[in-house]
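One structure is given here, and the rest of the page talks about it.
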Amino acid sequence: MHDGAPRDPVRSGTLMTGPIEDLRAAVAAAASEIGEASSAPTLERPRQAGHGDFSTNAAMLLAKSAGAPPRDIAERLAASLDVRLGDDLASYEVAGPGFLNLVLSDGWHRRAIAHALAPGFGGDGAQQLEKVNVEFVSANPTGPLHVGHARNGAYGDALARLLEFHGQDVTREFYVNDYGSQVVRFAESLRARARGEAVPEGGYKGDYVAEVAEQIPGAAELELDELGRRGVAVMLERSKESLLAFGVDFDIWFSEATLHPDGVAHGFDRLGEMGETYRAEGALWVKTSEHGDDKDRVIERSNGEHTYFASDIAYHVNKRERGFDRLIDVWGADHHGYVQRVKAMFEALGGDRDKLELIIMQFVHLVERGERAQMSKRSGEFVSLDELVAEIGVDAARWFLLARSHDTTIDLDLDLAREQSAENPVYYVQYAHARIESVKRKAGPDANRTTDGAGDLHPSERALIQKLLTFPAEVQEATDRRAPHRIAAYALELAQSFTAFYRDCQIVGSDQQAFRLALSDAAQAVLARALDLLGVSAPQEM
RNA sequence: GCCCCGGUAGCUCAGCUGGAUAGAGCAGCGGACUUCUAAUCCGCAGGUCGCAGGUUCGAGUCCUGCCCGGGGCGCCA
């Protein structure tokens with residue numbers, strides 16, 4: 001949807017204005033007549049029925065500077081809003097310690113639907129257009145992807161989708177750790193399997209190792225280097241297939257090996273030019289402690305070999321030189337200890353530490369009959385991404401993984417997940433979408449639509465419209481906070497709002513048919529968009 | 001010892017960066033299918049928001065200390 005005409009790099013804000021933004025602006029304007037608010041007034045949909053369609057705390061924030069009781073100020077605010085909003089304000093009420101509750105007219109609600117029906121509703125909210133690199137999954141290519149990678153993949157992809165919808169230019173990147181000692185260990189394991197020998201201590205013990213070895217002709221006799229390369233290639237191909245089947249499609253598969261030796265040397269040069277390295281105890285160090293790290297870090301060992309950190313430096317230099325405005329790395333919880341040093345290194349390289357985001361994903365714990373099991377690639381004990389998809393399907397799997405905040409650990413009991421997959425809320429949301437399609441089918445292809453109408457709106461219609469109108473703010477919030485799980489929560493709530501409307505209001509055949517079809521169209525479009533942001537399908541029928 | 005993430009209903013989790021009587025899904029109990037899709041809907045029950053202080057008109061949310069669970073603190077990758 002972002003193809004075609006170029007857009008302004010900085011938004012005027014006009015694209016974003018909608019009924020809620022107008023309302024918010026009116027409240028802000030009314031407030032500024034009275035005094036200085038200590039913070040921006042809220043404008044929210046109260047969870048409590050009977051507290052109006054929208055509610056603001058502006059009066060309480062103004063009380064100090066205006067030197068008057070909050071409830072008195074709320075009355076003055078209301079009087080001002082009454083003039084500003086005219087017929088759109090149906091009624092108001094001052095409540096509690098000084099809340100101002102607003103009830104908007106049916107006309108305001110009807111007009112709002114047209115806004116929600118506009119193409120791209122909720123998108124393009126970014127204030128500043130950026131070229132963003134999102135690096136995620138980045139699993140070692142020495143074994144199959146497990147559910148932890150699935151979580152990382154679902155999250156990274158959903159975040160990328162959010163950023164794209166928000167208006168950013170996003171590159172999805174997978175960093176392939178195809179260099180270093182784990183590749184050697186993998187090659188040794190492959191050779192042992194090919195020769196029918198026991199896998200050496202510290203090697204990879206999973207059955208997949210034998211399968212991979214079988215796919216490499218002459219594996220028993222190949223040089224370790226070559227065997228490692230072949231093995232990694234096979235694993236990588238498998239990973240690509242698994243991820244594609246899971247709906248995750250990377251733009252770039254970046255090989256760590258290609259950073260050696262030139263990229264690493266280049267990275268060291270850059271640090272050297274910045275005066276950020278020194279030699280001590282026979283090793284080469286980088287002064288990360290001057291940028292917030294606990295201690296300085298070795299990048300070249302006293303034996304002349306590079307540390308893993310050397311690759312990280314080269315990689316981040318490379319990313320910067322590819323012209324990204326923002327780098328987002330999605331890591332597993334076991335890497336949180338590296339956040340400070342990588343941020344420090346990035347700053348030492350002359351980067352802006354705020355332009356490098358390191359997002360830590362908490363783990364997926366495997367639970368079997370109430371017992372926690374440890375997932376480990378080397379021991380071969382894990383639930384694979386493929387297995388998860390085979391058991392419960394892509395949509396249920398993605399929903400399961402995306403419905404929770406990324407900083408909460410997830411307990412996965414595969415038996416339970418299998419049992420409960422039929423009860424996965426994702427189907428409820430999809431069902432609402434399919435049901436709307438069914439209603440439209442019933443109405444026929446030529447049925448009229450209108451956002452005009454007479455007569456009172458049903459409370460369920462008003463609630464559905466209000467829910468639709470909050471979508472742009474939800475997208476904004478989910479994007480700003482890197483929190484796609486909010487979209488899942490929103491999608492469920494929207495599906496509930498639609499289902500209540502469907503229950504209470506006859507659509508096809510009613511004298512409000514054209515209006516209710518327009519409302520249904522808007523609900524369907526937003527449901528489809530929300531599901532798409534999560535990488536979940538929106539079926540026409542179920 | 002230090003650092004990061006959690007602790008909210010029986011279970012799994014939200015809680016819009018401080019707002020009104022803390023929510024959802026699942027599980028449980030009781031109801032609803034001659035109707036635009038019952039993968040649905042309605043009702044009931046379920047809580048010392050880990051504990052103790054503090055900040056203020058107001059704290060699940062912010063601060064301090066402690067308890068519990070998970071993860072991390074290499075010249076490994």
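Labels below follow one simple rule: chain letters A, B, ... track the order of the sequence lines, proteins then strands, and each chain is numbered from 1.
No cation-pi contact links A:Arg435 to A:Phe498, judged by a cut-off of 6.0 Å to the six-membered ring centre and 45° from its axis.
Between B:rG10 and B:rG46, the two P atoms lie 11 Å apart (nearest whole Å). Straight-line distance between the C1' atoms of B:rG1 and B:rA59: roughly 32 Å, to the nearest whole Å. B:rA9 and B:rC49 have their P atoms separated by 10 Å, given to the nearest Å. A gap of 30 Å separates the P atoms of B:rC11 and B:rG65, to the nearest Å. Taking atom C1' on both B:rG15 and B:rU8, the two are 9 Å apart, rounded to the nearest angstrom. For B:rG54 and B:rG58, the C1' atoms lie 15 Å apart once the distance is rounded to whole Å. Atom name P, nucleotides B:rG74 and B:rC68: the rounded distance is 24 Å, in whole Å. On the P atoms, B:rA45 is 16 Å away from B:rG25, given to the nearest whole Å.
For B:rA20, its base sits under 3.5 Å from the side chain of A:Asn101 at one donor and acceptor pair at least. The base of B:rC13 is not paired with the side chain of A:Thr408 by any donor and acceptor separated by under 3.5 Å. One N or O donor and one acceptor, one from the side chain of A:Tyr338 and one from the base of B:rC76, sit under 3.5 Å apart. Interface remark: the A:Ser55 side chain does form a donor-acceptor pair with the B:rA20 base, using a distance-only criterion of under 3.5 Å. The base of B:rG72 is not paired with the side chain of A:His336 by any donor and acceptor separated by under 3.5 Å.
When every heavy atom of A:Asn152 is checked against every heavy atom of A:Gly332, the shortest pair comes out as ND2-N, 4.4 Å. Nearest heavy atoms, A:Pro539 versus A:Met542: CG-CG, 3.8 Å. The two atoms that bring A:Ser138 and A:Glu135 nearest to each other are OG-OE2, 2.7 Å, heavy atoms only. The nearest pair of heavy atoms linking A:Leu531 to A:Ser537 is CD1-O, 3.7 Å.
Residue A:Glu281 is classed as a base contact, given a heavy-atom separation below 4.0 Å to a base. Contact annotation for A:Ala333: backbone-only contact, meaning every heavy-atom pair under 4.0 Å involves sugar-phosphate atoms and none involves a base. At the heavy-atom level, A:Arg45 lies nowhere under 4.0 Å from the strands shown. When heavy atoms are screened at a 4.0 angstrom cut-off, A:Ile299 is found touching no nucleic acid atom at all. If you check every strand for non-hydrogen atoms under 4.0 Å, A:Ala443 touches nothing. In this structure, A:Ser311 reaches neither bases nor backbone, as no heavy-atom distance under 4.0 Å exists between it and the strands shown. No engagement by A:Ala422 is indicated, since no non-hydrogen atom pair under 4.0 Å with the nucleic acid exists.
Stacking here means ring centres nearer than 5.5 Å and ring planes tilted less than 30 degrees, and by that measure A:His51 stacks onto B:rA20. In this structure, A:Phe99 forms an aromatic stack with the base of B:rA20, since both conditions hold: centre separation below 5.5 Å and plane angle below 30°.
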A correct dot-bracket answer for RNA chain B, with pairs being Watson-Crick or G-U at under 3.5 Å, [ ] for crossing pairs and | for inter-strand pairs, is (((((((..((((.....[...)))).(((((.......))))).....(((((..]....))))))))))))....

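Under the 30°/60° scheme for interplanar angles, the aromatic rings of A:Phe471 and A:Phe121 are found to be tilted.
Side-chain proximity of A:Gln496 to B:rC36, B:rC76, B:rA24: nearest is B:rA24. Listed candidates were B:rA14, B:rA77, B:rC5. Nearest to the side chain of A:Asp407 is B:rC5. Listed nucleotides: B:rG71, B:rC36, B:rU12. Nearest to the side chain of A:Arg404: B:rU12. For A:Met542, taking side-chain heavy atoms from C-beta onward, the closest of the listed nucleotides B:rC41, B:rA39, B:rC36 is B:rA39. Closest approach to the A:His485 side chain among B:rC75, B:rA14, B:rA24 is made by B:rA14 (side chain taken as heavy atoms from C-beta onward). The listed nucleotides are B:rC42, B:rA38, B:rA77; the one nearest the side chain of A:Arg503 is B:rC42. With B:rC75, B:rG71, B:rC16 as the candidates, the nucleotide lying closest to the side chain of A:Ser302 is B:rC75. Comparing B:rU40, B:rC75, B:rC16 by their nearest atom to the side chain of A:Tyr428 picks out B:rU40. The side chain of A:Leu61 lies closest to B:rG19 when the candidates are B:rG19, B:rA24, B:rG71. Checked against B:rC76, B:rG15, B:rC36, the side chain of A:Tyr502 finds its nearest nucleotide in B:rC36.
The pair A:Asp521-A:Arg449 meets the salt-bridge criterion, with a side-chain N (NZ, NE, NH1 or NH2) lying under 4.0 Å from an Asp/Glu carboxylate O. No salt bridge links A:Asp72 with A:Arg76; every basic N to acidic carboxylate O contact stays at or beyond 4.0 Å.
B:rC75 atom P lies 11 Å from atom OH of A:Tyr278, rounded to whole Å. Going from atom CZ of A:Arg151 over to atom C1' of B:rU12 covers 12 Å, rounded to whole Å. Between A:Ile313 atom CD1 and B:rA77 atom P there is a gap of 13 Å when expressed in whole angstrom units.
Nucleotides of RNA chain B nearest to A:Glu300 and A:Ile360 differ in position, and the one nearer the 5' end is that of A:Ile360. If you find the closest nucleotide of RNA chain B to A:Tyr427 and to A:Glu477, the one lying nearer the 5' end belongs to A:Glu477.
In this model, the phosphate group of B:rA24 is not approached by any side-chain N or O of A:Arg486 to a distance below 4.0 Å at OP1 or OP2. For A:Arg185, no side-chain nitrogen or oxygen approaches OP1 or OP2 of B:rC76 to under 4.0 Å. Taking side-chain N and O atoms only, A:Lys295 has a distance below 4.0 Å to OP1 or OP2 of B:rC75.
Aromatic pair A:Phe174/A:Phe254: ring centres not closer than 6.0 Å.
The number of heavy-atom neighbours closer than 6.0 Å to CD of A:Glu36, taken from other residues, nucleotides and ligands shown, is 12 or below.
Screening A:Lys343, A:Arg481, A:Arg482 for a salt bridge (Lys or Arg N to Asp or Glu O under 4.0 Å) involving A:Glu357 leaves a single residue, A:Arg482.
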